[in-house]
K.L.:
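Okay, handing you the structure first.
All chains are named by letter (A, B, ...) in the order of the sequence lines, taking the proteins before the strands, and each is independently numbered beginning at 1.
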There are 2 protein chains.
Amino acid sequence: MENKQKITIKDIARMTGLSKGTVDRVLHNREGVSRKSYSKVMKVIEELGYEPNIYASLLAQKKERIVLVLLPKYEPGEFWELTEEGITESSESAGNLGVKVEKVDYDQYDIESFRNACKKALSLKPSGVVLAPMFRNETLVFVDKLNTLGIPFVYIDTKLESNSYLAYFGMPTYQSGYLCAHILTDEQDPKEVAIVRIQRDKFGKSDPTINRREGFMDYIAEHFPACTPYNIFINPNKPEEIDSTLEQFFSEHPDVRHIAMFNSRIYLITSFLGKHPEKKYRVVGFDNLAANIKALKDGLVTCLIAQRPGDQAHRAISALTDLLVFGREPSGRDNFMPMDVLTRYNAEYY
Amino acid sequence: MENKQKITIKDIARMTGLSKGTVDRVLHNREGVSRKSYSKVMKVIEELGYEPNIYASLLAQKKERIVLVLLPKYEPGEFWELTEEGITESSESAGNLGVKVEKVDYDQYDIESFRNACKKALSLKPSGVVLAPMFRNETLVFVDKLNTLGIPFVYIDTKLESNSYLAYFGMPTYQSGYLCAHILTDEQDPKEVAIVRIQRDKFGKSDPTINRREGFMDYIAEHFPACTPYNIFINPNKPEEIDSTLEQFFSEHPDVRHIAMFNSRIYLITSFLGKHPEKKYRVVGFDNLAANIKALKDGLVTCLIAQRPGDQAHRAISALTDLLVFGREPSGRDNFMPMDVLTRYNAEYY
DNA sequence: TTCTTTTCCGTGCACGGTAACGGAAAAAAT
DNA sequence: ATTTTTTCCGTTACCGTGCACGGAAAAGAA
């Protein structure tokens, strides 16, 4: 199984009677090699199972490659901060392999800023790109350009159905909604459930919460056809209004005991929840933001479904460096990461 | 933040007026350097923030180090298979760093075989050891020997309270039992719960199920003081008896609806569960063995608490290679891995 | 002072691979 | 047959570190 001694270029040179220069040319498919020499070298390589020593290679090349990450700007404590943490972590290991990770951010509510970010990204001449697609059409334009430039890219969080991406790392969004409903109802039989939504979920944006809602609704329809789902809209920019909106809804619907929210901001309703401990609401939200974890531990939120954004970023970058440095294609294109179920008793270990 | 150009030994040599040989001696704390030269070099190193190029270093050293993993033998589908998968995976990345991973296994029910495994392990002259302690006393003897030899070691799965281990990667066992009870009862109010146990949980073995049981009992006592826990003992070697044992217990206790099991073998009771779908037992077990996952998907088991044995192994090996190759101490000694909550709707993504 | 020992340090090759340079051999053009 | 062009390939100088060898300088012994 194991070759006792790793075989080197010099060995191959000796065995074929050629020089290391020629062997190197064969290995890199460079021109200037006769058919005969080419096949002589290939034969030995296949028989002996040559594997290059990448460290020697890296050392000799001293080439710097750039992996470009295109991410939305965020406020501290927001979802994308978790992604960024993963990026920072993997920059180090990528750096060890001679790959530099550069970040370019944009305002996720401003198309123009996204366009600029794309332009800036291209100007850095990256060897690979990681991106979370927010604006559907603009993203398609951008990845098209990447394609013509031959730059591989990886989606995280959400993917578009263009067929040219190297890989995708994210949560199975429909399934996550389905799971959410399962956990929310815990196989009991609710007559009504409340879904809290953020107002501006609009325009041509690529948005995982849409699929989540679908999965959720399907579960409810399949298991509790008699159950009525209500939508409540809140405005994150006006926190003072949130409580009153919720108060009003729940005083009009006093029997609703189940609450779900499909974005990462379940923490927005904890103020309201804290005022009504006697109602024992069953509440399920998404993502392990610090504020959400706190709500979980305080017993205000029953459960969180989390998706390891850090891992997603990490694996996306790994996939690219693997390709760029080792020439290894990722083993699977669509990689769905686990959906972690967090309760107050296991949250601190995530 | 970033040094534009990485500084090299040659640079330091030039700047201090010394030769790279001397700089090298300083870097490795080798003898034969005068005070004056030593401090000159150190000064530059600290100011310029020199970081060695490990790949050049690895290339030059060409030294092979061995990380030895000591694991119980297992049948296909058992818990330790998951650990081994993680080991196989990380052998590759460790191999890239010039570290070879060797496995030595033993029969976890035979002390003598463990002793032999230890002997064999030492004979391989490892630079580091990973082990899951099963036999308490024998393990203490072994790690003592490792200590006197200056060989660092890492515990996985369980740890002993000796103070000399480099790191530990595992599940917080007590907490996992607590969580198990929480999920099993889902904050309702059971009058009775059944705990299924394996008979031979005996002799001086280090066993995570003991702590789990404790955590479980504490949760029950704290939340449902009126609840009665029953213990049922089954014998895994006589599968034909299991069903009848369970039948008998549950016919004597027809109101028991909650079942927990603290080892990885919840699949042993699926045959029984499958015969009584009308009872709608709530069943919580541990570990994502293939057989357990199947039971989950079949709706026989409500929930599994899983502990990523592969990750544990992976991180244990990483910790050792980091130390051996880069000289980096692990950031924390006791590393508790997340407890994953698996239901039928998220299990397939683990 | 002279000789020996110890301390300190520079030199140079090795590790495996890369890639530019230039020359020999083969093919094409004259 | 000679010249020009093209194809092919060997040589060589690195990349950043490690380490053995041997020599110079300093310290100690005579």
K.L.:
Not counting sequence neighbours, which residues clear ring-ring contact (aromatic ring centres under 6.0 Å, His included) with A/Tyr55? List them please.
P.N.:
B/Tyr55

K.L.:
Please tabulate, one pair per line, each protein N/O and nucleotide N/O from nucleotides 10-14 of chain D that are separated by under 3.5 Å, including the distance.
P.N.:
{"unit_1": "D/dG10", "atom_1": "OP2", "unit_2": "A/Ser19", "atom_2": "N", "d": "2.7"}
{"unit_1": "D/dG10", "atom_1": "OP2", "unit_2": "A/Ser19", "atom_2": "OG", "d": "2.6"}
{"unit_1": "D/dG10", "atom_1": "OP2", "unit_2": "A/Thr22", "atom_2": "OG1", "d": "2.8"}
{"unit_1": "D/dG10", "atom_1": "N7", "unit_2": "A/Arg25", "atom_2": "NH2", "d": "3.0"}
{"unit_1": "D/dG10", "atom_1": "O6", "unit_2": "A/Arg25", "atom_2": "NH1", "d": "3.2"}
{"unit_1": "D/dG10", "atom_1": "O6", "unit_2": "A/Arg25", "atom_2": "NH2", "d": "3.2"}

K.L.:
Among residues at least two apart in sequence or on other chains, which ones pass side-chain hydrogen bond (donor to acceptor under 3.5 Å, both in side chains) with A/Ser127?
P.N.:
none

K.L.:
Check this for me: does any side-chain nitrogen of one of B/Arg328 and A/Glu92 sit under 4.0 Å from a carboxylate oxygen of the other?
P.N.:
yes

K.L.:
Could you name each residue pair satisfying salt bridge (charged side-chain N to carboxylate O under 4.0 Å, His left out) that touches residues 138-155 of chain A, not counting sequence neighbours?
P.N.:
A/Arg115-A/Glu138

K.L.:
Please tell me which of B/Ala56 and B/Ser37 maps to the more 5' nucleotide of DNA chain C, matching each residue to the nucleotide holding its nearest heavy atom.
P.N.:
B/Ser37

K.L.:
Output all residues satisfying ring-ring contact (aromatic ring centres under 6.0 Å, His included) with B/Phe169, sequence neighbours left out; order by chain, then residue number.
P.N.:
none

K.L.:
When the distance from CG of B/Leu27 to C1' of D/dG16 is rounded to whole Å, what number comes out?
P.N.:
12 Å

K.L.:
Taking 5' to 3' order, which nucleotide of DNA chain C is first and which is last to have an atom within less than 4.0 Å of a heavy atom in chain A?
P.N.:
C/dC15 to C/dA19

K.L.:
With a 4.0 Å cut-off on heavy atoms, is A/Asp24 in touch with a base, just the backbone sugar-phosphate, or nothing at all?
P.N.:
base

K.L.:
Please compare B/Arg35 and A/Leu59 by the position of their nearest nucleotide in DNA chain C and report the one closer to 5'.
P.N.:
B/Arg35

K.L.:
Just grab all the salt bridge (charged side-chain N to carboxylate O under 4.0 Å, His left out) pairs involving residues 160-169 of chain A, residues at least two apart or on different chains.
P.N.:
A/Arg136-A/Glu161

K.L.:
Under the ring-ring contact (aromatic ring centres under 6.0 Å, His included) test, which residues partner B/Tyr155, sequence neighbours left out?
P.N.:
B/Phe153, B/Tyr165

K.L.:
Applying side-chain hydrogen bond (donor to acceptor under 3.5 Å, both in side chains), can you list everything that pairs with A/Lys63, at least two apart in sequence or on another chain?
P.N.:
none

K.L.:
Per the end-axis method with five pairs at each terminus, what is the bend angle of the helix from C/dT1-D/dA30 to C/dT30-D/dA1, to 10°?
P.N.:
50°

K.L.:
For A/Ser164, what residues pass the side-chain hydrogen bond (donor to acceptor under 3.5 Å, both in side chains) criterion, not counting sequence neighbours?
P.N.:
A/Asn147

K.L.:
Quick test of your reading: applying side-chain hydrogen bond (donor to acceptor under 3.5 Å, both in side chains), list the pairs with at least one residue in residues 27-37 of chain A, sequence neighbours left out, ordered by first then second residue.
P.N.:
A/Asp24-A/His28, A/Asp24-A/Arg30, A/Ser34-A/Ser37

